[in-house]
Protein chains: 2
Amino acid sequence: MEKRTKHPEPKCGIDYAFQRIGGKYKGRILWRLRLGTLRYGELRRTVTGVTAKMLTQALRELEDDGLIERKVYVEVPPKVEYSLTGPGRELLPFLAQLRDWAKEQMLVNHIEALPGSFLK
Amino acid sequence: MEKRTKHPEPKCGIDYAFQRIGGKYKGRILWRLRLGTLRYGELRRTVTGVTAKMLTQALRELEDDGLIERKVYVEVPPKVEYSLTGPGRELLPFLAQLRDWAKEQMLVNHIEALPGSFLK
DNA sequence: CCGCATCCATGTGGATACTG
DNA sequence: CAGTATCCACATGGATGCGG
């Protein structure tokens with residue numbers, strides 16, 4: 001094992017942000033942590049479809065980028081807790097807004113896709 | 001040539017949104033289009049680092065997802081213009097705030113990385 | 001319980017050449 | 001000008017097994 005992902009030089013703010021939260025699972029991980037601390041296993045169960053490998057990788061990158069904090073309890077059985085940092089928490093309003101947009105889009109697209117929809 | 005990308009079933013709103021705008025260049029493309037219509041060549045020059053292949057692919061997916069509109073002028077030389085649709089425009093406040101967050105993070109991280117910073 | 005190591009399939013993305 | 005077509009390197013991501 002060696003280096004953890006190093007981002008290429010961002011071209012602008014939008015680029016910088018997407019390098020940090022643009023992964024396949026990172027948005028959902030941050031969103032799951034909005035209500036407070038979660039253990040590794042809880043994240044793995046609630047972020048459906050993620051494998052242990054990808055979850056660990058995403059968590060490490062989020063940690064390296066200062067968006068989440070990783071706290072290890074040295075005990076048996078092991079316990080590791082993840083929580084948002086200040087910068088990570090600042091992303092929540094944007095994610096909420098994005099979620100609202102998505103919910104509206106899903107509704108509209110679903111209605112338009114219906115056969116014989118009254119909107120057509 | 002055949003099928004253009006089909007998204008897997010989204011797990012939630014956050015997932016849905018990132019499937020549509022989460023690519024390597026999509027955020028920057030949408031952001032560049034915030035001020036109005038742009039031609040293909042203009043996009044290619046201003047979205048630095050993108051190749052023709054990837055730009056075309058991203059534009060097609062954004063079009064399929066209803067976030068941008070593609071308008072072809074049948075003339076010589078050819079001319080193709082891209083602009084945001086209604087749903088695409090609704091993403092701009094999100095991108096603007098994300099950009100603000102990123103600018104702040106870049107500033108803070110840069111200061112902390114300086115040797116002998118007064119913040120340390 | 002929370003990972004890491006390894007192998008392997010598939011996807012992403014760049015370089016180059018070509019076209020209506 | 002605005003793309004396609006082809007080739008290929010590398011990254012992403014899944015499956016499985018092992019370890020503190």
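Chain letters run A, B, ... following the sequence lines, proteins first, then strands; residues in each count from 1. Reckoned from all heavy atoms, side chains included, excluding hydrogens, waters and symmetry mates.
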Axis deviation across the helix from C:dC1-D:dG20 to C:dG20-D:dC1, five-pair ends, to the nearest 10°
60°
How many whole angstroms separate atom CD of A:Gln57 from atom C1' of C:dC2?
16 Å
Sidechain-backbone polar pair: A:Arg28 side chain, A:Thr48 backbone, donor-acceptor under 3.5 Å:
yes
Of all of residues 28-43 of chain B, which get a heavy atom below 4.0 angstrom from DNA chain C, listed by number?
none
Without swapping roles, check the side chain of A:Trp31 against the backbone of B:Asp15 for a donor-acceptor pair under 3.5 Å.
no
Does B:Arg34 reach the main-chain N or O of B:Leu30 with its side chain, forming a donor-acceptor pair under 3.5 Å?
no
B:Lys79 NZ to D:dG3 C1', in whole Å, measures 17 Å
To the nearest Å, how far apart are A:Glu61 CD and D:dG13 C1'?
12 Å
Partner set under side-chain contact (heavy atoms from CB on, under 4.5 Å) for B:Arg70, not counting sequence neighbours
B:Arg60, B:Glu63, B:Val72, B:Val80, B:Tyr82
One should read off an interatomic distance between B:Met54 CE and B:Tyr25 OH, to the nearest 0.5 angstrom, of 6.5 Å
Could you tell me the separation between the CG atom of B:Leu59 and the CG atom of B:Leu67, rounded to the nearest 0.5 Å?
11.5 Å
Mind listing the N/O atom pairs, protein and nucleotides 18-20 of chain C, below 3.5 Å?
none

Between the side chain of A:Thr85 and the main-chain N/O of A:Gly66, is any donor-acceptor distance below 3.5 Å?
yes
Looking at C:dG3, I'd like to know if its phosphate oxygens (OP1 or OP2) sit under 4.0 Å from a side-chain N or O belonging to A:Arg70.
yes
Rounding to an integer number of Å, can you tell me how far B:Leu59 CG sits from D:dA2 P?
11 Å
Close N or O pairs between protein and nucleotides 14-16 of chain C (under 3.5 Å):
unit_1, atom_1, unit_2, atom_2, d
C:dG14, OP1, B:Tyr25, OH, 2.9
C:dG14, O6, B:Lys53, NZ, 2.3

Does the side chain of B:Trp101 reach to within under 4.5 Å of the side chain of A:Phe94, using non-hydrogen atoms?
yes
Give a yes/no answer on whether the side chain of A:Arg60 brings an N or O atom under 4.0 Å of OP1 or OP2 in C:dC4.
yes
With sequence neighbours left out, write down each residue that passes side-chain contact (heavy atoms from CB on, under 4.5 Å) with A:Thr46, or none if nothing qualifies.
A:Arg32
Using a distance-only test with no angle check, is there a side-chain donor-acceptor pair under 3.5 angstrom linking B:Tyr16 and A:Gln105?
no
Would you give the length of the straight line joining atom CG of B:Leu62 to atom CD of B:Gln57, rounded to the nearest 0.5 angstrom?
10.5 Å
Quick check: does any side chain N or O of B:Glu42 sit under 3.5 Å from a backbone N or O of B:Arg39, one acting as donor and the other as acceptor?
yes
Separation of atom OH in A:Tyr73 from atom C1' in C:dC1, rounded to whole Å
15 Å
Would you say that B:Ser83 contacts B:Lys71 through its side chain, given a criterion of any heavy-atom pair below 4.5 Å between the two side chains?
no
Pick the nucleotide of DNA chain D nearest each of B:Thr56 and A:Gly23; which residue has the one closer to the 5' end?
B:Thr56
Between the CG atom in A:Leu84 and the CG atom in A:Leu91, the distance rounded to the nearest 0.5 Å is 8.5 Å
Rounded to whole Å, the CZ-P distance (B:Arg45 to D:dG3) equals 13 Å
